[in-house]
Amino acid sequence: MSKKLTSRAEDYSKWYNELVVKADMAENSAVRGCMVIKPYGYAIWEKMQAELDRMFKETGHQNAYFPLLIPKSLFEAEEKNAEGFAKECAVVTHYRLQNDPDNPGKLRVDPEAKLEEELVVRPTSEAIIWNTYKGWIQSYRDLPLLINQWANVVRWEMRTRLFLRTSEFLWQEGHTAHETKAEALKETQTMNNVYATFAENFMAIPVIQGVKTESERFAGAIDTYCIEALMQDGKALQAGTSHFLGQNFAKAFDVKFTNKEGKQEYVWATSWGVSTRLMGALIMTHSDDLGLVLPPNLAPNQVVIVPIYKTDEQFEEITSVVNGIMKDLRAKHITVKFDNRTTHRPGAKFAQHELQGVPLRIAIGPKDLENGTVELARRDTLTKEVVSLNTLTDKVEGLMTEIQDDLYNKALDYRDSHITEVDTFEEFKAVIDGKGGFISAHWDGTIETEDKIKEVTKATIRCIPLDAKEENGKCIFSGSVSNRRVLFAKAY
RNA sequence: CGGGGUGUAGCGUAGCCCGGUUAUCGCGCCACGUUUGGGACGUGGAGGCCGCAGGUUCGAAUCCUGCCACCCCGACCA
């Protein structure tokens, strides 16, 4: 393994691919388009899961689990949704293998074992879930139904990249049923808010909340809300979506309830999800040419301690001091790892923990033993300082929030300085090809214009920001009237 | 799924045009010793059906055919 990472300036996508593998987060597998998430990467995902799960529970949701395989007839019930996913579905057609009579030692699909009805590997679970909800919902008293599931899904992708787009990925999908349109809409917005709060407070990734245009909307939804983040290469990444499904699925699966007046009504629905794609967002928001940079909230180890010693006596002495430090830090709920491997020298350990994004490093050697100090190094700023043992715990505790905040603010500065307002299509093209980032511009609201802009510039409308101001203007492309700006960008 | 590129030890590679002893080099790995405040050094050692399957040939990493995987660029998508 070569020591240095390709730099971002040299080749951004190569930098990303190398970083994911070298930081030991994930690797490609023997299955086309599918990744193995390695323990270090999975530990980060588990931290995301834990916090999201807590937030879902706090907003009244419960977890459940629905099947991986969906009968084709159920899948096709909601037409637009089925159409939207049809091209990327894996399908189970048989249920048995047998020894191949023509190829000893090999197996073949038993032609006698064809399924009467094919099963679709879920690309999303609306179909099986709404088919199930039909049996759970009779009265307004059964509502709202607020369910989430943590699961894997499969979408047969042509081009895959670790975490950003893989054929199988992990996610959570919330599926809720409500009495009224207003309540379902509110749920959609609440969950989009949960995602935005999570991204900003926990992942230190600033996001823009908005609504998707018709062409970017989830198949089967009336409205798709989203959070959009900006990566360091100036491309946007959709980090989460929350869909207002209206009564589309209730009608497709005949899910009615008796309201307070005794009348039958279709329920109102939402669905919302974030996936392991968030790992990609995390990497591309904060990391640098030395490797991963993790916000303390997501770091499997928030602090790593590296001993520097010549003799066994020194090592023992350091170990006993380190044991004290670890006890104090753990009492403050700070996760800390003592890298006491005798097989590696300090420099190698420094490099490895930098590559893996550990927020804080404590180095302690003979000089520190004499002076009652340690060397404290920040991963995000690469700055070092000598800190007295007496003040270490408080200092580290303070740095946890400081680093978290600094990462957010740094990303926010970058993001805000990469939202460019433009009023002519010439400017638009210049910004897209040069500076990159989001472009705030007027749009006439038609799919035709959106398509043409995409054709010419590769940029798409990421969202209509929720906080977009009313403003009279002219569409950047067609010159027709427009009353608010939308955000364009090239996107992942 | 279209266009281009690449597959040689765990990783990165030379050799391939122009077929011919034991397949090159670096990193990593193992053993021993010296080392340890930013990716240590020395000595010795292990590790390859040259992506897979066919074919041409006395002989294939090298030539031909098919397949597979990965990377880049498009179309599609979270």
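Letters A, B, ... are given to chains in the order of the sequence lines, protein chains preceding strands, and every chain is numbered from 1.
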Colleague: Would you tell me if any nitrogen or oxygen in the side chain of A:S13 comes within less than 4.0 Å of OP1 or OP2 on B:C71?
Modeller: no

Colleague: Using the P atom as the point on both nucleotides, what is the distance between B:U62 and B:A23, in whole Å?
Modeller: 15 Å

Colleague: Could you check A:K349 against A:F163 and say which one's nearest nucleotide on RNA chain B is further toward the 5' end?
Modeller: A:K349

Colleague: Searching all strands shown, indicate the nucleotide that pairs with B:A69 (Watson-Crick or G-U wobble; both distances under 3.5 Å).
Modeller: B:U6

Colleague: What is the distance from OH of A:Y492 to P of B:C76, rounded to the nearest Å?
Modeller: 18 Å

Colleague: Salt bridge or not for A:R462 and A:E216, using N-O below 4.0 Å?
Modeller: yes

Colleague: Exactly one of A:Q172, A:H175, A:E173, A:H61 should register a side-chain hydrogen bond (donor to acceptor under 3.5 Å, both in side chains) with A:N148. Which one does?
Modeller: A:Q172

Colleague: Which whole-number value in Å describes the distance from A:Y12 OH to B:C73 C1'?
Modeller: 19 Å

Colleague: Using a 4.5 Å cut-off on heavy atoms from C-beta on, say whether the side chain of A:Y40 contacts that of A:L292.
Modeller: yes

Colleague: For A:W156, is the CH2 atom crowded, meaning more than 12 foreign heavy atoms sit under 6.0 Å from it?
Modeller: no

Colleague: If you take any heavy atom closer than 4.0 Å to RNA chain B, which residues from residues 339-348 of chain A end up in contact?
Modeller: A:R345, A:P346, A:G347, A:A348

Colleague: Between B:G47 and B:C1, how many Å separate the two C1' atoms, rounded to a whole number?
Modeller: 40 Å

Colleague: Want to settle it: does A:G84 or A:N28 sit nearer the 5' end of RNA chain B, counting the closest nucleotide to each?
Modeller: A:N28

Colleague: Answer yes if the ring centres of A:F253 and A:Y133 are under 6.0 angstrom apart, and no otherwise.
Modeller: no

Colleague: Expressed in whole Å, how much space separates the P atoms belonging to B:U57 and B:G45?
Modeller: 42 Å

Colleague: Hey, does A:T166 reach any base, or is it just sugar-phosphate, or nothing, if we go heavy atoms under 4.0 Å?
Modeller: base

Colleague: Below 4.0 angstrom, which residues in residues 369-383 of chain A have at least one non-hydrogen atom near RNA chain B?
Modeller: A:E375

Colleague: What is the separation between atom CG on A:D368 and atom C1' on B:U36, rounded to the nearest whole Å?
Modeller: 15 Å

Colleague: Between B:U22 and B:G48, how far is it from one C1' atom to the other, in whole Å?
Modeller: 13 Å

Colleague: Spell out, as yes or no, whether a donor-acceptor pair under 3.5 Å connects the side chain of A:N248 to the backbone of A:G220.
Modeller: yes

Colleague: Mind checking the P distance from B:G28 to B:C70? Whole angstroms is fine.
Modeller: 29 Å

Colleague: Is there a donor and acceptor pair closer than 3.5 Å between the side chain of A:Q352 and the base of B:G39?
Modeller: no

Colleague: Report the C-alpha separation of A:E228 and A:K212 in whole Å, then their side-chain angles, then the decisive distance to 0.1 Å, and conclude whether the salt bridge (charged side-chain N to carboxylate O under 4.0 Å, His left out) test is met.
Modeller: CA-CA 10 Å; A:E228 292 283 329; A:K212 288 290 186 188; 2.7 Å; yes

Colleague: Tell which nucleotide pairs with B:U43, taking only Watson-Crick or G-U wobble pairs whose two distances are both under 3.5 angstrom.
Modeller: B:A31

Colleague: Taking only the side-chain heavy atoms of A:K458 (C-beta and beyond), determine which of B:A75, B:C71, B:G38 contains the nearest atom.
Modeller: B:A75

Colleague: I want to know whether A:W272 and A:F56 have ring centres closer than 6.0 Å.
Modeller: yes

Colleague: Any strand counts, and the cut-off is 3.5 Å on both contacts for Watson-Crick or G-U wobble. Which nucleotide pairs with B:A14?
Modeller: none

Colleague: Are there more than 12 heavy atoms of other residues, nucleotides or ligands under 6.0 Å from atom NZ of A:K435?
Modeller: yes

Colleague: Which part of the nucleic acid, if any, lies within reach of A:K384 when heavy atoms closer than 4.0 Å are counted: base, sugar-phosphate only, or nothing?
Modeller: base

Colleague: What is the distance from atom OG1 of A:T213 to atom CH2 of A:W443, rounded to the nearest 0.5 Å?
Modeller: 5.0 Å

Colleague: Between the side chains of A:K458 and A:D433, is the shortest nitrogen-to-carboxylate-oxygen separation below 4.0 Å, so that they form an ion pair?
Modeller: no

Colleague: Sticking with atom C1', work out how far B:G4 lies from B:C11, rounded to a whole angstrom.
Modeller: 25 Å

Colleague: Would the number of heavy atoms belonging to other residues, nucleotides or ligands and lying under 6.0 Å from CD of A:E46 be above 12?
Modeller: yes

Colleague: Considering every strand shown, what is the Watson-Crick or G-U wobble mate of B:C76 when both distances are under 3.5 Å?
Modeller: none

Colleague: Find out whether A:L278 and A:F198 are in side-chain contact, i.e. whether some heavy atom of one side chain is under 4.5 Å from a heavy atom of the other.
Modeller: yes

Colleague: Rounded to whole angstroms, how far apart are CD on A:E157 and P on B:C76?
Modeller: 13 Å

Colleague: With respect to the side chain of A:P366, which nucleotide from B:C76, B:G37, B:C70 is positioned closest?
Modeller: B:G37

Colleague: Rounded off to whole Å, could you give me the CZ-to-C1' distance for the A:F85 and B:C77 pair?
Modeller: 9 Å

Colleague: Quick one, which residues of residues 298-318 of chain A touch RNA chain B with a heavy atom under 4.0 Å?
Modeller: A:I308, A:Y309, A:K310

Colleague: Find the partner of B:G54: check Watson-Crick (N1-N3 plus N6-O4 or O6-N4) and G-U wobble (N1-O2, O6-N3) distances, both under 3.5 Å, and reply none if neither fits.
Modeller: B:C64

Colleague: How long is the line joining CZ of A:R161 and C1' of B:C72, in whole Å?
Modeller: 11 Å

Colleague: Rounded off to whole Å, could you give me the CD-to-P distance for the A:E455 and B:C76 pair?
Modeller: 10 Å

Colleague: How long is the line joining NZ of A:K22 and P of B:G39, in whole Å?
Modeller: 17 Å

Colleague: At under 4.0 Å between heavy atoms, what does A:R159 touch on the DNA or RNA strands: base, sugar-phosphate, or nothing?
Modeller: base

Colleague: Name the pairing partner of B:U24, where a pair is Watson-Crick or G-U wobble with both distances under 3.5 Å, or state none.
Modeller: none

Colleague: Need one value for A:N17: base, sugar-phosphate or nothing, where a base atom within 4.0 Å counts as base even if backbone is also close, heavy atoms only.
Modeller: sugar-phosphate

Colleague: What distance do A:F169 atom CZ and A:I37 atom CD1 have between them, rounded to the nearest 0.5 Å?
Modeller: 11.5 Å

Colleague: Quick one: label A:L237 by what it contacts on the DNA or RNA (base, sugar-phosphate, nothing), any heavy atom closer than 4.0 Å.
Modeller: nothing

Colleague: Check if the side chain of A:R165 and the base of B:C77 share a donor-acceptor pair of N or O atoms closer than 3.5 Å.
Modeller: yes

Colleague: So what does A:G280 touch, heavy atoms closer than 4.0 Å: a base, only the sugar-phosphate, or nothing?
Modeller: nothing

Colleague: Count the heavy atoms of every other residue, nucleotide or ligand shown that sit under 6.0 Å from CZ of A:R32, and state whether that count exceeds 12.
Modeller: no

Colleague: Say we look at B:G3 and B:G39: how far apart would their C1' atoms be, to the nearest angstrom?
Modeller: 41 Å

